[in-house]
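Worksheet for the structure shown next.
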Amino acid sequence: MEYVSIDLWAANLEPVVPDLATWLSGLEARVAQTAARGGHMLVLPEFACAQWLSFAPVDLPIENTMGWLFECGEIALNAIADISARHGISILAGTIPFAAGQKLGVPTYLNRAWLITPDGLRHAQDKLSLTPLEAQGAGGVTVNGETINVIEWSGLRIAMIICLDSEFTHLWSRLGQLDLDLIIIPAKTDMITGYNRVFSCARARAIELQTAICVLGAVGVPFGQPLTDTGVGGASVFLPCDVGVALDGIHTSLAPQTAAMMTDPILVAADIPVGVCRRLRNGHAEAEVCPAVWNADHLIVNDPASHQG
């Protein structure tokens, strides 16, 4: 595949939905639009499922939040698979808590992204590093994943990296060895600082790995107050900054979306040039620089601190 077209839905989590069927109907309408535009995939942000809390039982204990979302997710994923098959569109359904067994008698959950394809396959990626809120057990005990999963999709090698994981250079040094054609980052950031960290890192990674990177974040929070909420979403597709690909390394981008804007936008990223990025990355096309094929294993570090004591 030379080009891929992906719709990135910076979903607004604040509008109330009465039930899961209504939410799924809204999702299917978006998928139908992607299909009509000739797109290949629709992507939702991290914890898009949090909007389901608007129809959660009123007496749901806060510590059971993850468990309830997991149970809803088991129903939703089957329906999303049907939607994918009906429209011939792959759906990255954001992240949904996934039961990971018990720890000291307490249920634990992974923050798991799902890519569902029209042929019925389900590809998963767990968040590898936890935010302080997740680590403190908000809504239930969340545990970190331990694997990087490379997915073969439509002839491309792709990976999903979730929100905070975009910020760790050691992880990306591993990803840089995998010859990935596309990396997708579903995110949810509570402030503009988090948005800037995730999106800035994604842009740098596209340059370093010489690959296409899609990143998107949810807008707002469930039960929020739009005028005061600090949650910021958005969507961008970044590319290698090279005269043969993109002069500024930006394929397409949305400005940051605050809850006060009351938006629920989709960024249509048509014709992402994954083919030319692959040739640049592998030395099969002329590039200005080739960071993807360079490594530092041969270097000797001279550090006075290492000789002290």
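Remember, it's a predicted structure, so these values are computed and weren't measured experimentally.
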Decide yes or no for [X] and [Y]: does some side-chain heavy atom of the first lie under 4.5 Å from some side-chain heavy atom of the second?
{"X": "F55", "Y": "V17", "answer": "yes"}
{"X": "I6", "Y": "L92", "answer": "no"}
{"X": "N64", "Y": "P61", "answer": "yes"}
{"X": "K127", "Y": "L164", "answer": "yes"}
{"X": "L239", "Y": "I272", "answer": "yes"}
{"X": "L20", "Y": "I75", "answer": "yes"}
{"X": "D126", "Y": "I162", "answer": "no"}
{"X": "P118", "Y": "S90", "answer": "yes"}

Is it the case that one hydrophobic cluster holds both [X] and [Y], taking links as side-chain heavy atoms less than 4.5 Å apart, direct or via other members?
{"X": "L121", "Y": "I91", "answer": "no"}
{"X": "M160", "Y": "L130", "answer": "no"}
{"X": "I183", "Y": "Y195", "answer": "yes"}
{"X": "L115", "Y": "V274", "answer": "yes"}
{"X": "L42", "Y": "F47", "answer": "yes"}

Exceeds 12 heavy-atom contacts within 6.0 angstrom, atom [atom1] of [X]:
{"X": "H170", "atom1": "NE2", "result": "no"}
{"X": "Y3", "atom1": "OH", "result": "no"}
{"X": "M191", "atom1": "CE", "result": "no"}
{"X": "Q102", "atom1": "CD", "result": "yes"}

Is the backbone of [Y] close enough, under 3.5 Å, to the side chain of [X] for a donor and an acceptor to pair up by distance?
{"X": "Q51", "Y": "P15", "answer": "yes"}
{"X": "Q257", "Y": "G217", "answer": "no"}
{"X": "D165", "Y": "I161", "answer": "no"}
{"X": "S84", "Y": "I80", "answer": "no"}
{"X": "N111", "Y": "P97", "answer": "no"}
{"X": "N282", "Y": "H284", "answer": "no"}
{"X": "E134", "Y": "T131", "answer": "yes"}
{"X": "S5", "Y": "D271", "answer": "yes"}
{"X": "D19", "Y": "T22", "answer": "yes"}
{"X": "E46", "Y": "K188", "answer": "yes"}

What is the distance from atom [atom1] of [X] to atom [atom2] of [Y], rounded to the nearest 0.5 Å?
{"X": "I116", "Y": "I89", "atom1": "CD1", "atom2": "CD1", "result": "13.5 Å"}
{"X": "R37", "Y": "I266", "atom1": "CZ", "atom2": "CD1", "result": "5.5 Å"}
{"X": "L171", "Y": "S129", "atom1": "CG", "atom2": "OG", "result": "8.0 Å"}
{"X": "M1", "Y": "L182", "atom1": "CE", "atom2": "CG", "result": "10.0 Å"}
{"X": "I213", "Y": "F238", "atom1": "CD1", "atom2": "CZ", "result": "9.0 Å"}
{"X": "H123", "Y": "I158", "atom1": "NE2", "atom2": "CD1", "result": "7.5 Å"}

Legend entry - Electrostatic pair D248-R203, nearest N-O below 4.0 angstrom: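 Salt bridge absent between D248 and R203.
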Inset, instruction - Give a yes or no on whether a salt bridge exists between R281 and D181, defined as a side-chain N under 4.0 angstrom from a carboxylate O. - result: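 Result for this pair is yes, salt bridge flagged.
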Inset, instruction - Apply side chain to side chain contact (heavy atoms under 4.5 Å, CB included) to L280 and D242, showing your working. - result: CA-CA 9 Å; L280 286 174; D242 190 282; 4.3 Å; yes
Legend entry - Check: F98 ring centroid to F70 ring centroid under 6.0 Å: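 Between F98 and F70, the centre distance is under 6.0 Å.
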Legend entry - side chain to side chain contact (heavy atoms under 4.5 Å, CB included) partner of L267, chosen from D7, V43, T252, L216: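 Single pass found, and it is T252.
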Inset, instruction - Only counting residues at least two apart or in another chain, list the ones meeting salt bridge (charged side-chain N to carboxylate O under 4.0 Å, His left out) with E167. - result: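 Applying salt bridge (charged side-chain N to carboxylate O under 4.0 Å, His left out) to E167 gives R197.
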Inset, instruction - Please state whether the rings of W52 and W23 are parallel, tilted or perpendicular, taking 30° and 60° as the class boundaries. - result: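 W52 and W23: perpendicular rings.
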Inset, instruction - Verify side chain to side chain contact (heavy atoms under 4.5 Å, CB included) between I250 and S236, making sure each step is shown before the conclusion. - result: CA-CA 8 Å; I250 301 173; S236 295; 5.8 Å; no
Legend entry - Verdict with supporting geometry, I148 and L128, side chain to side chain contact (heavy atoms under 4.5 Å, CB included): CA-CA 9 Å; I148 300 169; L128 303 173; 4.3 Å; yes
Inset, instruction - Let me see the working for T65 and L53 under side chain to side chain contact (heavy atoms under 4.5 Å, CB included), right down to the final yes or no. - result: CA-CA 8 Å; T65 301; L53 294 173; 3.8 Å; yes
